Amino acid sequence: MRTIYEQEHNRLDETNVVPVLEEHLKGQAIKLPPLYFADFAMVGNDGNILSFVEFKKRNMKFGQYPTIMLSSSKWLRLKSVELLRQRALFVVQCIDGVWAVDLTRPDLKFDLVYGGRTKQTRDNADVEPCLMIPISQFRLLHSHDK
């Protein structure tokens with residue numbers, strides 16, 4: 001089993017993005033257990049799950065790079081929610097705002113590359129097949145006013 005690298009600041013980042021998720025995704029963001037395939041389940045007032053959310057915080061401005069990376073193994077697990085008739089969103093918080101892409105949309109464009117965390121690798125699982133999702137696939141959820 002792979003080491004879990006989630007730290008206290010990661011949990012704080014997740015806590016801070018909850019109001020944005022709840023406002024824009026129209027549900028309550030319920031934090032899922034640490035080894036689950038997504039960070040949150042968005043739950044409606046009736047208790048039904050509306051979608052699953054994977055959240056990442058990146059210390060960059062949106063558009064600084066032409067793509068945003070996601071582990072292919074993470075994408076495969078998130079994509080499987082289609083079997084549950086659900087959708088999976090990849091939400092990225094950058095310095096200047098919060099963006100989302102629906103990973104279950106049929107027209108999702110991406111390149112599959114062998115890469116990942118190539119600088120300051122933590123273990124041999126840091127370099128793996130990854131999706132490089134063009135920023136044009138994302139939509140703005142919330143802008144951070146400076």
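The structure displayed is predicted, hence computed values, not measured ones.
Partners of D107 under the salt bridge (charged side-chain N to carboxylate O under 4.0 Å, His left out) rule, at least two apart in sequence or in another chain, are R105. Partners of N59 according to the side chain to side chain donor-acceptor pair (under 3.5 Å) rule, which considers only residues two or more places apart in sequence or in another chain, do not exist here. Residues passing the side chain to side chain contact (heavy atoms under 4.5 Å, CB included) test with P19: none are found, sequence neighbours excluded. Applying the side chain to side chain contact (heavy atoms under 4.5 Å, CB included) criterion to N16, with sequence neighbours excluded, gives L12. With sequence neighbours left out, S72 forms a side chain to side chain donor-acceptor pair (under 3.5 Å) with no residue at all. Annotation: ring pair (Phe, Tyr, Trp, His ring centres under 6.0 Å) contacts of F55 (sequence neighbours excluded): none. Listed by chain and residue number, nothing satisfies the side chain to side chain donor-acceptor pair (under 3.5 Å) test with Q86 (two or more places apart in sequence, or in another chain). Residues passing the side chain to side chain contact (heavy atoms under 4.5 Å, CB included) test with L140 are W99, S143, sequence neighbours excluded. Contacts of R139 classified as side chain to side chain contact (heavy atoms under 4.5 Å, CB included), with partners at least two apart in sequence or in another chain: L25, L141. For E82, the side chain to side chain donor-acceptor pair (under 3.5 Å) partners are K79, not counting sequence neighbours.
Identified under the ring-ring contact (aromatic ring centres under 6.0 Å, His included) test for residues 22-42, with sequence neighbours left out: F37-F52. For residues 47-67, the pairs satisfying salt bridge (charged side-chain N to carboxylate O under 4.0 Å, His left out) are D13-K57, E54-K56, E54-K74, with sequence neighbours left out.
In this structure, the side chains of I30 and Q28 come closer than 4.5 Å at one or more pairs of heavy atoms. For the pair I68 and F62, the minimum side-chain heavy-atom distance is below 4.5 Å.
Nearest heavy atom pair, residue S71 against residue C130, reads CA-SG, 4.2 Å. What you find for D102 and A88 is that their closest heavy atoms are OD1-O, 3.4 Å. A38 and L78 make their closest contact through CB-CD2, 3.8 Å (heavy atoms, listed as atom of the first residue, atom of the second, distance). Listed here is the closest heavy atom pair of A29 and V18: CB-CG1, 4.1 Å.
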Requested in this report: Would you check, one step at a time, whether the test side-chain contact (heavy atoms from CB on, under 4.5 Å) holds for Q64 with I95?
Outcome: CA-CA 11 Å; Q64 185 173 340; I95 295 168; 5.6 Å; no
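Among L89, L131, I133, the single residue meeting the side chain to side chain contact (heavy atoms under 4.5 Å, CB included) criterion with L103 is I133.
A distance of 9.5 Å separates OG of S136 from CZ of F138, quoted to the nearest 0.5 Å. The CG atom of D39 sits 9.5 Å away from the CG atom of L21 when rounded to the nearest 0.5 Å.
Side-chain heavy atoms closer than 4.5 Å link hydrophobic residues (I, L, V, M, F, W, Y) into clusters, and following such links, possibly through other members, connects L108 to V81. Linking Ile, Leu, Val, Met, Phe, Trp and Tyr residues whenever their side-chain heavy atoms come within less than 4.5 Å places V20 and M42 in a single cluster. If you chain together hydrophobic residues whose side chains sit under 4.5 Å apart, L32 and V92 fall into the same group. Hydrophobic clustering, with ILVMFWY side chains joined whenever heavy atoms are under 4.5 angstrom apart, keeps F90 apart from V98. Criterion: ILVMFWY side-chain heavy atoms under 4.5 Å apart, direct or through other members. Under it, V91 and I49 are not part of a common hydrophobic cluster.
For the pair Q93 (side chain) and V17 (backbone), a donor-acceptor distance under 3.5 Å is absent.
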